[in-house]
Number of protein chains: 2
Amino acid sequence: MSKITIARVASEAGVSKGTVSRVLNARSGVNEETRVLVQGVVARLGYVPDPGARQLARRGRHVIGLMLDDDLRRGGTYYGILRDALEDCLSSEGYHTRVISTERGDAFSTPPDGAILLGVHLDDPRPAQLEERGVPFVMIGRSLHNTAWVDVDNLGGLRDAVRHLVALGHRRILHITGAHTGQASVQRLEGYLTGLREAGLPEDASLIFDGDFTAIGGYRAVRRVLGSKLAFTAIAAASDEMAHGAVSALEDAGLRVPWDVSVTGFDDIPLAQRHALTTARQPIAEIGAAAAELLLERMAGKPVRSRLLATTLMVRSSSAALLSTTSSTVHQH
Amino acid sequence: MSKITIARVASEAGVSKGTVSRVLNARSGVNEETRVLVQGVVARLGYVPDPGARQLARRGRHVIGLMLDDDLRRGGTYYGILRDALEDCLSSEGYHTRVISTERGDAFSTPPDGAILLGVHLDDPRPAQLEERGVPFVMIGRSLHNTAWVDVDNLGGLRDAVRHLVALGHRRILHITGAHTGQASVQRLEGYLTGLREAGLPEDASLIFDGDFTAIGGYRAVRRVLGSKLAFTAIAAASDEMAHGAVSALEDAGLRVPWDVSVTGFDDIPLAQRHALTTARQPIAEIGAAAAELLLERMAGKPVRSRLLATTLMVRSSSAALLSTTSSTVHQH
DNA sequence: ATGAAAGCGCTAACAT
DNA sequence: ATGTTAGCGCTTTCAT
C-alpha cells in the first residue's frame, strides 16, 4: 500500500489535481457539487496532504526559530512540553523548528523565517534585532513592545486559588512569591492581592514571603513563617515546586496538610499530581498552539494579535475547608 | 535578497547541484578538494537546506521517533537538552524528529523509520514492538536486550566523586541514593561502594540514605542523618537536586559547606553551577549525538553497537580538604 | 468552473 | 569524480 497522494484523490474523484487542491485550501471558484464529491473521497481515503510538499509549492520559507537562552532551555518541565506542542502544530503545517540558542551566538548567522521568543526580559535585544531584520515573531510572556504575545493569566490563576481558599473559610492566607525578576511573579502576587481584596480581607505585607520558585525556597519560607509565630491557616504559593517545599516543611514541623494548613500551587507539573496538590493549571500545550497560530498569522502578514490564556484550578487534597473551631488556627508549634 | 538555494551554492562554487548535494549528505565519491570548496561556500553563504524539499526528494519519509512517556518528557532539564542535541544531529542529516508519546497511544499509527527510546523499564513493551515492526532503534540507558544503547557511566561518576572526597582526606562519606526503581540509582550506589572499596574504607550500610532525586528528598535525608548522631564529613549525593537539598539542610542546621561538610552531586545541571556544587557532569549533548550516530548506523544496516560515556568531575566549592583536627568531624549539633 | 502544466528545492538515478 | 536530469507532492498560473 503506497502513499495516498493528491493525484490518487484526483483520479478517484474524476477531477484534476488542481481542483482537489482548491477544495483542500478552501479556495473560491469550485462548484459546490464537486467540492462535496472531493471532500468525500478525501475522507474515504483518509488523505492527508504532505506538509513538506505543500510548503515547498507555496514558495514560502519554512524554518521557525525557537529562541531562548540556555538557562531556560535547561530549566525543566515547562520548556519540554511547550517545545513539543509548538513542534506538533508547526510541523503539520510544513514548518520546521530550529532551536536558536541566544548564548551560542548563532542567532542570526541565518535568520529563520519566523521566531518564537521565550524568556524575554525588559531590555532584551532580541525583539529589536528581529524587527530590524524583518523576521516576524511571537513572544511567550507579555511585553511592553507592540508585538504579538501569548501568555497565561497569572493574575487570574492566583486569584482563583485565593478565592478557593476563601470559599473554604480561610482568612489568614500566606503568599510565597517567585523570583523577583520575573513578570510572572509580579502578576501572581497581584493576583493574590486581588483575591484578598475581593474577599474584603486586608492586604497584610507580613503575610507575603519571598521564595525563588524552588522547593527549597518554599521549604525555607515556611520555616521562617513558623519561626515568626505568625497565625495562618493557608498558603497560596506562586509555584508547585514551592508549594511542595512548603508542604514538606509543614509536615516536618508536625503539621498536617490539609487538616492544619491548606496549600495551593501554580503550574500543575507532574509533581503536583503525585502529591495531590491543589493548583492553578497552566495550559502549556495550548500556549504552544496559540503561539504557533499567531506566528503563522504574522508570517501571512495579518495584523498583530495576542492571547491571554486562562488557568484552570485543579482542586486536589492539599486544600480543605477550615475547621470552624478557633483553635484550628495555627500558631507557633 | 532572495533565498539561498542549492543552485546558488552550486553556481557560486562552480560545481553542479548534484555535487553540492553529495557534500551536504556526506556521500562518498567526492574529491576532497571539491568537498572543502563547497563547504566553504556553504558556510560563507550561510546556506541551510530546506527541510521540506529535502524530505520530499527522498523516497522514504526519514522520520525518527522520540519515544518517551509523558512523565519523563515533563521531567525537566535532562530531556530538553537531550532533545535539542538529538534534533541537532539528526536534522543536519536530513531527518525529522517526531515525539511519540507512549501514553497518547499514537505510537504506531505511522511507524517512524527509526526510534530513540527514553526511560526504558525492564518489562517495557516498546523494544519488542519495534523489533516486530522492523523499526531500528537505540535506547538511552542500558538494557538486557541485545540492542544498541547509549548510557552514561553512572558507576564511574560516583566513584570519581568518592575518590575526590577521599583525596581531600574524607573518610566518613555518606551517600544519598536516587529513586530505587531506576538503573541509574543502582549504578551510582555501586559507584559509591566501589569508591569506598578502592580506598580501603569499610562499606557501612548506615552511611547510605534513601533519597528520591528531589531537593526535598536530599534535605530530609540530611535531617535524618543529623537526627541520628552519625559522624560524617562528606556527602556524595546521587543527583545535583539532592545535593542542593542536602547543602540547604546543612546550612539550616548551622553547618557550613564546605568547611564543616563537603558535598558532591551528579549531573551538573545549571543549579549546580549557580550553587558552585562539585559534581560529576553528564555529557548530555554527547549522549544525544552518540544516540543519533548509532541509530543512523543501525538504519544503514550496520551491526549493533553501544556506547558508554564518561562523566567529568567538575570540582567547585562545595568540596574542600578535611581539616586535620579530629574535632572537625561532625557530630550531632 | 475546471484542466494542463510549470515549477518550488532537493535527492538519486543515470550519464559522462 | 562530477554533471545532467527526472521526479518527490503540492500549489498556482494560464488556458479553456
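Here is the naming used below: chain letters follow the sequence lines, and residue numbers restart at 1 for every chain. Quick caveat: nothing in here was measured; it's all calculated off a predicted structure.
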Atom [atom1] of [X] and atom [atom2] of [N]: how far apart are they, to the nearest Å?
X	N	atom1	atom2	value
A/Leu56	D/dG7	CG	P	17 Å
B/Asp50	C/dC10	CG	C1'	8 Å
B/Ile6	C/dA12	CD1	P	11 Å
A/Leu24	D/dC10	CG	P	8 Å
A/His96	C/dG9	NE2	C1'	15 Å
A/Asp113	C/dG9	CG	C1'	13 Å
B/Lys17	C/dC8	NZ	C1'	11 Å
B/Arg54	C/dA12	CZ	P	9 Å

[atom1] of [X] to [atom2] of [Y]: how many Å apart, nearest 0.5 Å?
X	Y	atom1	atom2	value
A/Arg98	A/Glu87	CZ	CD	13.0 Å
B/Arg83	A/Arg83	CZ	CZ	4.0 Å
A/Ile116	A/Ile100	CD1	CD1	11.0 Å

(message) By nearest heavy atom, map B/Ala53 and B/Arg22 onto DNA chain C; which one lands nearer the 5' end?
(response)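 Nearest-nucleotide comparison on DNA chain C picks B/Ala53.
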(message) Quick test of your reading of the model: are A/Glu293 and A/Arg305 salt-bridged, counting only N-O distances below 4.0 Å?
(response)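 Result for this pair is yes, salt bridge flagged.
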Distance check: side-chain N/O of [X] vs OP1/OP2 of [N], anything under 4.0 Å?
X	N	value
A/Arg27	D/dT11	no
B/Thr5	C/dC8	no
B/Thr19	D/dT2	no

(message) So A/Gly94, base contact, sugar-phosphate only, or nothing? Heavy-atom distance under 4.0 Å.
(response)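 No contact.
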(message) Counting the atoms with a prime plus P, OP1 and OP2 as sugar-phosphate, which does A/Ser21 contact under 4.0 Å by heavy atoms, base, sugar-phosphate, or nothing?
(response)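 Base contact.
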(message) Can you identify which nucleotide, out of C/dT2, D/dC10, C/dG3, has its nearest atom closest to the A/Ser16 side chain?
(response)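 Taking heavy atoms from C-beta onward, the closest nucleotide is C/dG3.
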(message) Please check this pair: side chain of A/Arg27 against backbone of A/Asn25, looking for a donor-acceptor N/O pair closer than 3.5 Å.
(response)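 A pair under 3.5 Å: yes.
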